[in-house]
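Keep in mind the model is a prediction, meaning the values are calculated, not measured. Below, chain A is the first sequence line, B the second, and so on; all start at residue 1.
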Amino acid sequence: MRIATWNVNSIKQRLDHLATFVKSADPDVLCLQELKCMDEAFPRAEVEALGYNVVTHGQKTYNGVAILSKKPLEDIRRGLPGDDGDEQARYLEGVISTSAGVVRVASIYLPNGNPIGTPKFDYKLAWMDRLIAHARRLHGLEEPLVLCGDYNVIPEPKDAANPEAWANDALFRPESRAKFRELENLGFSDAVRACSDQPGLYSFWDYQAGAFQRNNGIRIDHLLLSPQAQDKLKSASIRKEVRGWDKPSDHVPVMVDLNID
DNA sequence: ATGGCGGTGGAGCACCGA
C-alpha cells in the first residue's frame, strides 16, 4: 500500500498536477491539504474519474483537507477533538479495510503559527496539544496508523537549507519542535527519517527569491507511523521533481510504501 | 528579506501562507 501526502495550495489550481502525479506515482491513498474551497466546490467528479473515493473537509478560501483512497473510507472524523469553537478545516481521518486488516489515515494541516508572540502562535501550540491528545488515543488502538500532512514544523536543523534564517519563525521555534517531538515520543516514527538521516531532504520551497532553483528548502510535510505501521514500512520518498513543474504548489508530495496489500 | 510570489475574493488591494 502506497500512502502519499501533498499540500496542493488550492485544489482547483492543481487539478492537472494531481492527475499527472497520481498517474505516475499511483498512490492507494492520497492525503491533500490547503484545498482552499468548500466541499461543494471540490472537483469530486474529476478526482473520482482518476479512480478514487473522495472524502473532504473543506472551508471557504482557507485550509481544507481531503483523503483520496482507491478503497472506500469508513469511520470518518472531520475536525480534531478538543475545541468545539474551532472552525478551521485542518483535520480529517478515515479507515481503509484491506485483506490484511485495517489501516487508519489522517490528513493534517497544522497551523502555520506566524508571527510568534501573537494569538496565531498560541493557536498553533494549542492545536498541537489537541493533536497529541488525539494521537495518544489512536495509538492505543494498536492499528497501523499514518498521520500525514503539512505539519508546519521543521523538526531539526538538517531539515532546512538555512536553519539560522528560521530561528524566529513559528515553524522552527523550540516550542513547535518540542511538541513535534512529544508527538513522536508517543511512539510514532517519522517515515522519511526512518529511511534516511541525510540532510537536504526538503518538501517545501518558497515561491520567492528563486528558492527552488537555489534549493533553499525546508522539510515540513511528514508521515508519522504508529508501531504497527512501522512494522510494515518498506520505503519513503519525496517527489521533488513535482516542484519543477509549470505553476506548481510550493509543497511536493511525500509518500511511503507499506507491506500491506 | 520587515516579503521578492502565489492564491482567494471580487474587482482594490487586503489577507494569508512559511
Around atom CG of Asp84(A), are there more than 12 heavy atoms of other residues, nucleotides or ligands at under 6.0 Å?
-> no
In whole angstroms, the gap separating C1' of dT8(B) from CD1 of Ile11(A) amounts to 15 Å
In whole angstroms, how far is the P atom of dC16(B) from the CG atom of Leu110(A)?
-> 18 Å
For the pair made of CG in Asp169(A) and P in dT2(B), what is the distance, rounded to whole Å?
-> 10 Å
Would you classify Asp206(A) as touching base, sugar-phosphate or nothing, given that sugar-phosphate means primed atoms plus P, OP1 and OP2, and contacts are heavy atoms under 4.0 Å?
-> base
Could you give the CG-to-P distance, from Asn114(A) to dG3(B), as a whole number of Å?
-> 14 Å
Where each residue is assigned the nucleotide of DNA chain B containing its nearest heavy atom, which of Asp150(A) and Arg14(A) is assigned the position nearer the 5′ end?
-> Arg14(A)
Provide, to the nearest angstrom, the distance between the CG atom belonging to Asn7(A) and the P atom belonging to dG7(B).
-> 12 Å
Grab the CG-C1' distance between Asn9(A) and dT8(B) for me, whole Å please.
-> 10 Å
Hey, does Asn216(A) have a side-chain heavy atom less than 4.5 Å from the side chain of Asp206(A)?
-> no
Could you tell me whether the phosphate oxygens of dG17(B), OP1 or OP2, come under 4.0 Å of any side-chain nitrogen or oxygen in Gln208(A)?
-> no
Whichever of Lys36(A) and Tyr62(A) has the more 5' nearest nucleotide on DNA chain B, that residue is Lys36(A)
Quick one: label Asp221(A) by what it contacts on the DNA or RNA (base, sugar-phosphate, nothing), any heavy atom closer than 4.0 Å.
-> nothing
Output the single nucleotide from dG9(B), dC16(B), dG17(B) whose closest atom is nearest the side chain of Lys60(A).
-> dG9(B)
P-based separation of dC15(B) from dG10(B) [nearest Å] = 15 Å
Does a side-chain N or O from Thr61(A) land closer than 4.0 Å to OP1 or OP2 of dC16(B), or not?
-> no
When the distance from CG of Leu35(A) to C1' of dC16(B) is rounded to whole Å, what number comes out?
-> 16 Å
One should read off an interatomic distance between Asp39(A) CG and Gln59(A) CD, to the nearest 0.5 angstrom, of 10.5 Å
When rounded to whole Å, the OH to C1' distance for the pair Tyr123(A) and dC16(B) reads 14 Å
Touch class at under 4.0 angstrom, heavy-atom based, for Phe212(A) against every strand present = nothing
Between dT2(B) and dC13(B), how far apart are the P atoms? Round to whole Å, please.
-> 24 Å
Tyr207(A) side chain, from C-beta outward: closest of dT8(B), dC16(B), dG6(B) | dG6(B)
Assign Ile154(A) to base, sugar-phosphate, or nothing according to its heavy-atom contacts below 4.0 angstrom with the strands shown.
-> nothing
Specify whether Tyr151(A) and Phe180(A) have parallel, tilted or perpendicular ring planes, treating 30° as the upper limit for parallel and 60° as the lower limit for perpendicular.
-> perpendicular
Considering residues, nucleotides and ligands other than Asp16(A), do more than 12 of their heavy atoms fall under 6.0 Å from its CG?
-> no
NA contact type, Asn168(A), heavy-atom cut-off 4.0 Å: base, sugar-phosphate, or nothing?
-> nothing
Assess whether atom CG of Asp261(A) is packed by more than 12 heavy atoms of other residues, nucleotides or ligands within 6.0 Å.
-> no
